[in-house]
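So the structure is just underneath, and the comments pick up after that.
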Amino acid sequence: MSKGIVLEDNEPQLFGHPKGLFYLFFAELWERFSFYGMRALLMLYMVNEIFQALAERDAASAAVYASYGSLVYASTVIGGRVSDKILGMRSSIFLGGILMSLGHFVLVIEHDIAFFLALACIVVGNGFFKPNISTFVGSLYKDGDRRKDSGFTIFYMGINIGGFAAPLICGWLGQTYGWHYGFGLAGIGMLAGLIFFWSGIKKNVFGERGLPPSVAIYEKKVVGVPQKVLIPLLAFLSVPVVAYMLSAYQDLGGEGSFFEDQNIVNVLFKAIGIGVLVFMTYIIFKANSSERKKLIMAVLITFFMTMFWGFHELSGSVITLFADRNVDLDGIMNASQTNSLNSLVIIVLSIPISLLWAYLSKRNLNPRTPYKFGFGLLLAGLSFYILSISGASADENGMVPFAYLFIMYVVISIGELFMSPVGLSKITDLSPKRIVTFMMGIWFLSSAFAFQIVGFISEELAVESTDKNVGGLETLAVYTNGFDLIAKYALGAGLIVLLFSPLMKKLMGKVH
């Protein structure tokens, strides 16, 4: 549809979609550019700069990376709730974007305290930005609008374009000219996203969408301060608290104690996990028979997705270190840039795989959700098996061909396409309407708990050395043996899911 065409509700349209979609597309593209650009550098930066003097620098970096990842995703539950009740989507996106921009720019400062404050700004900012930008896209379409799915496909493409370009550009800058150039560009990317969003508001492409749900609540004073001011104030005040949690990466207790191998964030998420399980047990017990079966299946789907993300998110930690120390990248890309491979595969294969599901559906051959999840976990296992056998092709310096890493990313990305888009939609289908928001919060928490798995595995595969150039034959066996063990767990989980898929189909009822 041409630029000037307007539908009956007098909303400006572009290419057959609300014009606001494309402002949100570029806002999210640049936000993801900033997020993934920073993430591509983060583990290498910690290992080579922040913790360079420690023999246990890999383990320390792994602990901070896991805590950061867990808090980044958990913050979306709080930020989404505050937006729904008080701020509205527009104010939340601006608040989150400002905090994230500040965080990226503070990373440019070469100081340990600045480093943890920067990560904390990104954690808090992401909590306000991430859940609201996606919700804003949905608000552009009326219920039953057939364009909604394709609109989200366009939006999802923006996410992956940002995720693909950022590691290539920020990774090149960071490892060629200095880490802080890469972090600085990530900050500029975040500001660019905010500018696109602001320009959309100025041009009124969003209409009345995204405003506070209640002006009275927005303006309501608490301890003498309007909530529209109090919430941003509390957000900024929470940054030092989160920074302290990230900096307290050491174990709380010694060997043999209850808190052995546990830091503050580990303990926090174990408490949250226990609380969620207790509350879910109560909800399932109180539900009727039909709801109970579907809720049990929703919990299982969330558990399987947590496991998959726990393996997948190793790409930013252990796999990046493996690429740096044991993959022959000469003349191809540097280690941080390898983080772009996942998004590249998603961009290339997302449409073909969606067309595959449509083709199979027409012939009543589209696999039910449990089978897709089982195959997704099998593909995750296969991807790590590919890395585990790469050592057999290593040269005399312990460097393996790049092809192994590339094929690994292709395989695990296909597994992601089997599970992630499917799982999100099925959670809404399986959850009773009265608790669907709560269940979506649990679904997003799965990524937060996945980083606890990432932390555990990364610490198990940590290499003890203060040598910046450690690698080759010194580290090859550590990684390949670890990848072999991960492959066995993932393959075993996939086989178990496939084995019990007939039973899980019954739990799902008519939900496909």
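This structure is a prediction, so every number in the text was calculated from the model and none was measured.
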Applying salt bridge (Lys or Arg N to Asp or Glu O under 4.0 Å), which residue pairs with at least one partner in [range] are found, sequence neighbours left out?
range            : answer
residues 448-465 : none
residues 38-54   : Arg39-Glu313, Glu49-Lys468
residues 117-139 : Glu28-Lys130

If you measure only the distance, is there a donor-acceptor pair under 3.5 Å linking the side chains of [X] and [Y]?
X      : Y      : value
Thr320 : Asn339 : yes
Ser458 : Ser317 : yes
Ser465 : Asp467 : no
Gln452 : Lys270 : no

(request) Quick one: list whatever passes salt bridge (Lys or Arg N to Asp or Glu O under 4.0 Å) with Arg90, sequence neighbours left out. (result) none

(request) Sequence neighbours left out, what pairs pass ring pair (Phe, Tyr, Trp, His ring centres under 6.0 Å) with at least one residue falling in residues 90-112? (result) Phe94-Phe197

(message) Given Ile319, which partner from the list Asn342, Ile412, Leu405 fulfils the side chain to side chain contact (heavy atoms under 4.5 Å, CB included) test?
(response) Leu405

(request) If the plane angle is over 60° it's perpendicular, under 30° parallel, otherwise tilted; pick one for Phe308 and His312. (result) tilted

(message) Is the shortest side-chain heavy-atom distance between Phe402 and Asp328 below 4.5 Å?
(response) no

(request) Output all residues satisfying ring pair (Phe, Tyr, Trp, His ring centres under 6.0 Å) with Phe483, sequence neighbours left out; order by chain, then residue number. (result) Phe322, Phe384

